[in-house]
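Note sheet for the following structure.
Naming: A, B, ... by sequence-line order, numbering from 1 per chain.
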2 protein chains.
Amino acid sequence: MTKTRKAREELLERIKTMKANELLPRERDLALELGISRSGLRQALSELENERVIYRVRGKGTYVSDKQISKRTFITSFTRDMTERGLVAGTRVLHRAQALASGEVAQDLDVPEGTLIYSLQRLRLADGEPMCIEHVQLPAELFPELLRQDLDTSLYDILQSRYGIEIAFTRQTIRAVVATAEQRRLLATGRTAALLEVTRINFDARHRPIERGVSIYRGDRYDFTFNTNHQN
Amino acid sequence: MTKTRKAREELLERIKTMKANELLPRERDLALELGISRSGLRQALSELENERVIYRVRGKGTYVSDKQISKRTFITSFTRDMTERGLVAGTRVLHRAQALASGEVAQDLDVPEGTLIYSLQRLRLADGEPMCIEHVQLPAELFPELLRQDLDTSLYDILQSRYGIEIAFTRQTIRAVVATAEQRRLLATGRTAALLEVTRINFDARHRPIERGVSIYRGDRYDFTFNTNHQN
DNA sequence: CAGTGGTCTAGACCACTGT
DNA sequence: CAGTGGTCTAGACCACTGA
């Protein structure tokens, strides 16, 4: 645990007890109080500012954000997403197979055409109701024996705990599409349903593609919320 | 222009001439070369890392990212968005009026119900074809005489150049909806069209809501791409 | 004017990588 | 082991805010 990290935790504790828009002590005092240099403190504060836990005003001071504003950055994991919405995530594996990468999949995963991949199709449920159809591809080389794992849970938990893979960032493309007959059947929607099609590629810290997939969500039950920073 | 900023620019110049995954000089040498301290250089590098222009590997060095990966963070401005796609943005103002904030609008803008706002409805075009219907609300107090401006251009350019307002971050919620008859008429889509409904609130650096709006995009012509960092 | 956050420095030491 | 990026420090000075 670095000192900056520790300062960050202590700051979060302190902020929890404060109201929105309340003023924090000046940096020089906070640093003294937390037993850290001002530079170290400033790094911790900068992280919290990026996460919108606080905001800083030059010449005035550092303030606590509205709780409302700070949340929702991370998405990606269906299980976590549903949990945050107060729903219980469920999974039905529709199909699992080895396959050879081609076309868009090979391009997204940055592997030559014909590379061995795992392909996984799952129906994801929220409180027992169909929410989304998921089609995932991963390079087989990185995940030996993946298809023998229990795939009824969070794929990202498996990648992390069993293969030690950490996702560093995600690129997503969202479209609106009209449901096909097959999709209507699986998702149990009405005749003319609009669906949210999310195509995502997950990368590790070295910018290597780790996993890609397409998720098709019911438009009447799902929305997608996120924040964007416009620094500079 | 700060030294860090200058270093950043010079680094970008240098990176432009390099290939993907090429190794940059070590930090100590780069700092010397750019006439800056290592700390200052590291801050510039950290910015570039966040923007995915470079990536760093401990014990090895700092590398140039694939050009492919770095782009697409900023969205929000329709005009800029279309320009990046190689399309010409156009605008037809459908409606402009003063109004009183109520319900969701008052809540999103964080003003009491009954506060005076400006309301603006525009049809946005790409290469002359309808792309999106936009419905925007802003607190009148912040933007005197707004309705007298030329609203056929980028609203964000007006906010910045005429009112000196800088947007610091954006919160967006995306849904898929089926087009109503009115929307089909305005957007010139077919009978059963899926649309992308984007609700956004723009905040300044002090976390004050500056503007909110709903944009309804044609599902067959538009997609929405963005990146998410999962630091920590 | 005093008080705040923002920038910058030179240097020390730590943690990880690959030979 | 030598070489890399990562953390941390103490202190100086700048730029902005509001009384």
Side-chain angles (χ1 to χ4, degrees), chain A residues 1-11 14-15 18 21-65 164 166 168 204-208 229 231-232, chain B residues 1-11 14-15 18 21-50 52-65 164-166 168 204-208 229 231-232:
Chain A
M1 171 84 90
T2 64
K3 293 187 81 167
T4 302
R5 193 122 208 94
K6 184 157 172 292
R8 181 203 147 91
E9 304 298 331
E10 291 182 24
L11 283 167
R14 173 169 201 145
I15 287 164
M18 299 174 66
N21 303 308
E22 196 177 336
L23 184 62
L24 279 160
R26 42 186 282 214
E27 294 180 347
R28 288 153 177 91
D29 289 343
L30 264 184
L32 212 61
E33 185 180 323
L34 298 178
I36 193 180
S37 72
R38 189 176 161 220
S39 323
L41 172 73
R42 275 181 61 75
Q43 189 177 329
L45 287 174
S46 294
E47 279 183 24
L48 295 175
E49 186 182 25
N50 279 333
E51 298 162 21
R52 298 200 202 76
V53 174
I54 59 168
Y55 60 96
R56 304 199 268 194
V57 183
R58 184 188 269 214
K60 297 189 70 179
T62 302
Y63 300 84
V64 177
S65 300
E166 292 277 2
D204 70 4
R206 299 188 188 191
H207 292 199
R208 293 178 298 206
N229 273 357
Q231 50 225 7
N232 316 321
Chain B
M1 173 82 92
T2 64
K3 290 186 84 167
T4 301
R5 193 123 209 94
K6 183 156 172 293
R8 180 202 146 91
E9 303 299 331
E10 291 181 26
L11 283 167
R14 174 169 200 144
I15 287 164
M18 298 174 67
N21 304 310
E22 195 177 337
L23 184 62
L24 279 159
R26 43 185 282 215
E27 294 182 348
R28 288 153 178 89
D29 289 343
L30 264 183
L32 211 61
E33 185 180 323
L34 299 178
I36 192 180
S37 71
R38 188 176 161 220
S39 322
L41 171 74
R42 275 182 61 73
Q43 189 176 327
L45 288 175
S46 294
E47 278 183 24
L48 295 176
E49 186 181 26
N50 279 333
R52 300 202 201 72
V53 174
I54 58 168
Y55 61 97
R56 305 200 267 195
V57 182
R58 184 187 271 214
K60 297 189 70 177
T62 302
Y63 300 85
V64 177
S65 300
I165 296 272
E166 291 278 3
D204 70 4
R206 300 188 187 190
H207 291 201
R208 293 178 300 205
N229 274 355
Q231 50 225 5
N232 315 320

Check: So what does Leu45(A) touch, heavy atoms closer than 4.0 Å: a base, only the sugar-phosphate, or nothing?
Finding: nothing
Next item on the list: With heavy atoms under 4.0 Å as the rule, sort Ser39(B) into base, sugar-phosphate or nothing.
Entry: base
Checklist line | salt bridge (charged side-chain N to carboxylate O under 4.0 Å, His left out) partners for Arg14(B), two or more places apart | finding: Glu33(B)
Check: Which residues satisfy the salt bridge (charged side-chain N to carboxylate O under 4.0 Å, His left out) test with Lys6(A), sequence neighbours excluded?
Finding: Glu10(A)
Item checked: Upstream residue (5' side of DNA chain D) when Arg28(A) and Arg26(B) are each assigned their closest nucleotide -> Arg26(B)
Notebook entry, point to check: So which one's nearest nucleotide on DNA chain D is more toward 5', Gly61(B) or Ser37(A)?
Noted result: Gly61(B)
Checklist line | Nucleotide-level pairing of DNA chain D, given in dot-bracket where Watson-Crick and G-U pairs need both distances under 3.5 Å and | marks other strands | finding: ||||||||||||||||||.
Next item on the list: Any pair with a residue in residues 43-63 of chain A that passes ring pair (Phe, Tyr, Trp, His ring centres under 6.0 Å), sequence neighbours left out, goes on the list, sorted by first then second residue, please.
Entry: Tyr55(A)-Tyr63(A), Tyr55(A)-His207(B)
Check: Do any pairs count as a ring pair (Phe, Tyr, Trp, His ring centres under 6.0 Å) and have a residue in residues 26-48 of chain A, sequence neighbours left out, and if so which ones?
Finding: none
For [X], what residues pass the side chain to side chain donor-acceptor pair (under 3.5 Å) criterion, not counting sequence neighbours?
X        : value
Glu9(B)  : none
Arg28(B) : none
Asp29(A) : none
Arg38(A) : Glu27(A)

Note to self: I'd like the 5' and 3' limits of the part of DNA chain C contacted by chain B, with heavy-atom contacts below 4.0 Å.
What the structure shows: dT7(C) to dG18(C)
Item checked: Value rounded to 0.5 Å, distance of CD in Glu22(A) from CD1 in Ile54(A) -> 13.5 Å
Check: Considering residues at least two apart in sequence or located in another chain, which fulfil the side chain to side chain contact (heavy atoms under 4.5 Å, CB included) criterion with Thr2(A)?
Finding: Thr4(A), Arg5(A)
Interface polar pairs with nucleotides 17-19 of chain D, N/O, under 3.5 angstrom:
unit_1	atom_1	unit_2	atom_2	d
dG18(D)	OP1	Lys60(A)	NZ	3.3

